[in-house]
*Asks:* 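I have a structure here, written as structure tokens, and I will follow up with some questions on it.
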Amino acid sequence: MTALPPLSILDLAPVVEGATTREALLNSLDLVKLADELGYQRYWVAEHHNMEGVASSATAVLIGQLAASSRRIRVGAGGIMLPNHAPLTIAEQFGTLAELFPGRIDLGLGRAPGTDRPTMRALRRSLESTGEDGFPNDVLELQSYLAPLAADAVVRAVPGQGTEVPIWLLGSSLYSAQLAAYLGLPFAFASHFAPEMLMQALQIYRATYKPSARNPKPHAMVGLNVIVAPTDEEAQFLFTSAQQRFLGMARGRRGKLPEPVPSMDALWSPAERMQVERMLSESIVGSPDTVRAGLAATRERTQADEFIVACAVHDHALRRRSYELLARL
């Protein structure tokens, strides 16, 4: 039987239909405590903006609360969208977190804005920055602020300097895989929503990896949607919430996470169904036996060093149950 890699959690702090943003944030604080007790490796939250159904926009603030609510588990960003920020600001934020929670903070970086163009302007005040094009230089600048202080440094991050917060690169294309390999950084692929280039990205990352002092070997983490329930039928029913969310994205609408429905047949066209199923193809949904078999097959196919699992379930108690069942596999 194929051994499963370490499991981590990606939490988008989902705001569900019929509930409030405050409830979503309190649910995340509850879930990180459970993840800590169950032995999960990491608990990451992601930066998104102008999305009614995602409450993790102030990512560093939420990470501080999550770390304070847990004892052992690593907590971090999966990720910070670096083009939205000055590298010094992120170094100070995560340096502060690292000083408060030593050895427990991760910093995953993405090069996409994580939002729409008007919101990008509201975040940055100007779109004249290099944005995604300047991402490699921004990563290097951020690394310098977290590294031991250089003798010729004019600007320092306080807190931040010398904390050496582990940096990951995140991506859904070949670009970040190539950059992570070139810089000798761990890499996480966002196959939970953009799976098309997963295998090619992993191959490029491993084949071109340049060892670094902190990371002598490549480390690839694969994002998956996983829902575990006592039966396949119940798990598939719960999965319709995620399917409805992705159907809304395909139609240009981003709302709160919908309640599950008995059937998706009346909600989507054949073309929309194909599009949603393609986006969600790296999903493992079912009973514990079904999910274990699916995870083992995915490990065999990808040789992932770690899985990071998203679980878009409307009912928080059932989301907790899914992670409990998953931890026991």
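Just so you know, residue 1 is the first one in the sequence shown, and it goes up from there.
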*Asks:* Once salt bridge (charged side-chain N to carboxylate O under 4.0 Å, His left out) is applied, do any residues pair with Glu282, and if so which ones, sequence neighbours excluded?
*Replies:*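 With neighbours one apart ignored, the set is Arg301.
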*Asks:* Would you compute the distance between atom CZ of Arg321 and atom CD1 of Ile227 and round it to the nearest 0.5 angstrom?
*Replies:*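 Between Arg321 CZ and Ile227 CD1, I get 10.5 Å after rounding to 0.5 Å.
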*Asks:* I'd like to know if the side chain of Glu306 pairs up with that of Ser8 as donor and acceptor (distance under 3.5 Å, no hydrogens or angles considered).
*Replies:*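 Judged by distance alone, the side chains do pair up.
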*Asks:* Does Glu324 have any salt bridge (charged side-chain N to carboxylate O under 4.0 Å, His left out) partners at least two apart in sequence or in another chain, and if so, which?
*Replies:*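 If we apply the salt bridge (charged side-chain N to carboxylate O under 4.0 Å, His left out) test to Glu324, skipping adjacent residues, the hits are Arg320.
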*Asks:* Taking only residues at least two apart or on different chains, which pairs with a member in residues 239-258 satisfy side chain to side chain donor-acceptor pair (under 3.5 Å)?
*Replies:*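 Every pair satisfying side chain to side chain donor-acceptor pair (under 3.5 Å) with a residue in residues 239-258: Arg251-Glu272.
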*Asks:* Rounded to the nearest 0.5 Å, how far apart are CG of Leu185 and CG of Leu179?
*Replies:*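 The CG atom of Leu179 is 7.5 Å from CG of Leu185, to the nearest 0.5 Å.
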*Asks:* What distance separates Gln41 CD from Asp106 CG, expressed to the nearest 0.5 Å?
*Replies:*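 If we round to the nearest 0.5 Å, Gln41:CD and Asp106:CG are 9.0 Å apart.
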*Asks:* Answer yes or no: is there a side-chain heavy-atom contact under 4.5 Å between Glu196 and Arg278?
*Replies:*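 Counting from C-beta outward, Glu196 and Arg278 do come under 4.5 Å.
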*Asks:* Shortest non-hydrogen contact from Gly110 to Pro83?
*Replies:*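 Answer, listing the atom of Gly110 first, then Pro83: O-CD, 3.4 Å.
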*Asks:* Identify, with sequence neighbours excluded, every residue that meets side-chain contact (heavy atoms from CB on, under 4.5 Å) alongside Ala147.
*Replies:*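 side-chain contact (heavy atoms from CB on, under 4.5 Å) list for Ala147, sorted by chain: empty.
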*Asks:* Does Glu37 pair with Lys33 as a salt bridge, N-O distance under 4.0 Å?
*Replies:*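 So Glu37 does not pair with Lys33 through a salt bridge.
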*Asks:* Parallel, tilted or perpendicular, judged at 30° and 60°: which one describes the rings of Trp168 and Trp44?
*Replies:*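 Rings of Trp168 and Trp44: perpendicular, as their planes differ by over 60°.
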*Asks:* So how far is it from Tyr43 OH to Ser70 OG, rounded to the nearest 0.5 Å?
*Replies:*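 Rounded to the nearest 0.5 Å, the OH-OG separation comes to 9.5 Å.
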*Asks:* Check whether Asp305 reaches the backbone of Met221 with its side chain - one donor and one acceptor, N or O, closer than 3.5 Å.
*Replies:*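 Judged by distance alone, no pair lies under 3.5 Å.
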*Asks:* Which residues pass the side-chain contact (heavy atoms from CB on, under 4.5 Å) test with Asp232, sequence neighbours left out?
*Replies:*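 Checked Asp232 against side-chain contact (heavy atoms from CB on, under 4.5 Å); matches are Ser287, Thr290.
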*Asks:* Measuring only between side-chain heavy atoms, which start at C-beta, is Leu4 closer than 4.5 Å to Arg292?
*Replies:*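 SC-SC contact between Leu4 and Arg292 confirmed.
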*Asks:* Could you pull out the closest heavy-atom pair between Pro211 and Pro216, with the gap in Å?
*Replies:*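 Between these two residues, the closest heavy atoms are CB-O, 3.3 Å.
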*Asks:* Which residues satisfy the side chain to side chain donor-acceptor pair (under 3.5 Å) test with Gln143, sequence neighbours excluded?
*Replies:*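 Side chain to side chain donor-acceptor pair (under 3.5 Å) list for Gln143, sorted by chain: empty.
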*Asks:* Listed by chain and number, what are the side chain to side chain donor-acceptor pair (under 3.5 Å) partners of Ser28, not counting sequence neighbours?
*Replies:*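 Expected list: Asp11.
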*Asks:* If you count every heavy atom of other residues, nucleotides or ligands that lies below 6.0 Å from Met199 atom CE, does the total exceed 12?
*Replies:*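 Count over threshold, so yes.
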*Asks:* Excluding sequence neighbours, so at least two apart, what forms side-chain contact (heavy atoms from CB on, under 4.5 Å) with Ala327?
*Replies:*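 Applying side-chain contact (heavy atoms from CB on, under 4.5 Å) to Ala327 gives Leu38, Tyr40.
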*Asks:* Are Arg111 and Tyr175 in a cation-pi setup, meaning NZ or CZ lies under 6.0 angstrom from the ring centre and within 45 degrees of the ring axis?
*Replies:*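 Pair Arg111/Tyr175 counts as cation-pi.
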*Asks:* Restricting to pairs with a member in residues 178-193, which pass side chain to side chain donor-acceptor pair (under 3.5 Å), not counting sequence neighbours?
*Replies:*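 Those involving residues 178-193 do not exist here.
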*Asks:* Would you compute the distance between atom CZ of Phe135 and atom CG of Leu140 and round it to the nearest 0.5 angstrom?
*Replies:*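 Going from CZ on Phe135 over to CG on Leu140, the span is 10.0 Å.
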*Asks:* Measure the CD1-OG1 distance between Ile284 and Thr298 for me, rounded to the nearest 0.5 Å.
*Replies:*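 Those atoms lie 3.5 Å apart.
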*Asks:* Listed by chain and number, what are the side chain to side chain donor-acceptor pair (under 3.5 Å) partners of Asp265, not counting sequence neighbours?
*Replies:*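 Asp265 satisfies side chain to side chain donor-acceptor pair (under 3.5 Å) with Ser263 only.
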*Asks:* Please identify each residue that fulfils ring-ring contact (aromatic ring centres under 6.0 Å, His included) with Tyr145, with sequence neighbours left out.
*Replies:*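 Checked Tyr145 against ring-ring contact (aromatic ring centres under 6.0 Å, His included); zero matches.
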*Asks:* Not counting sequence neighbours, which residues clear salt bridge (charged side-chain N to carboxylate O under 4.0 Å, His left out) with Glu99? List them please.
*Replies:*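 Here no residue qualifies.
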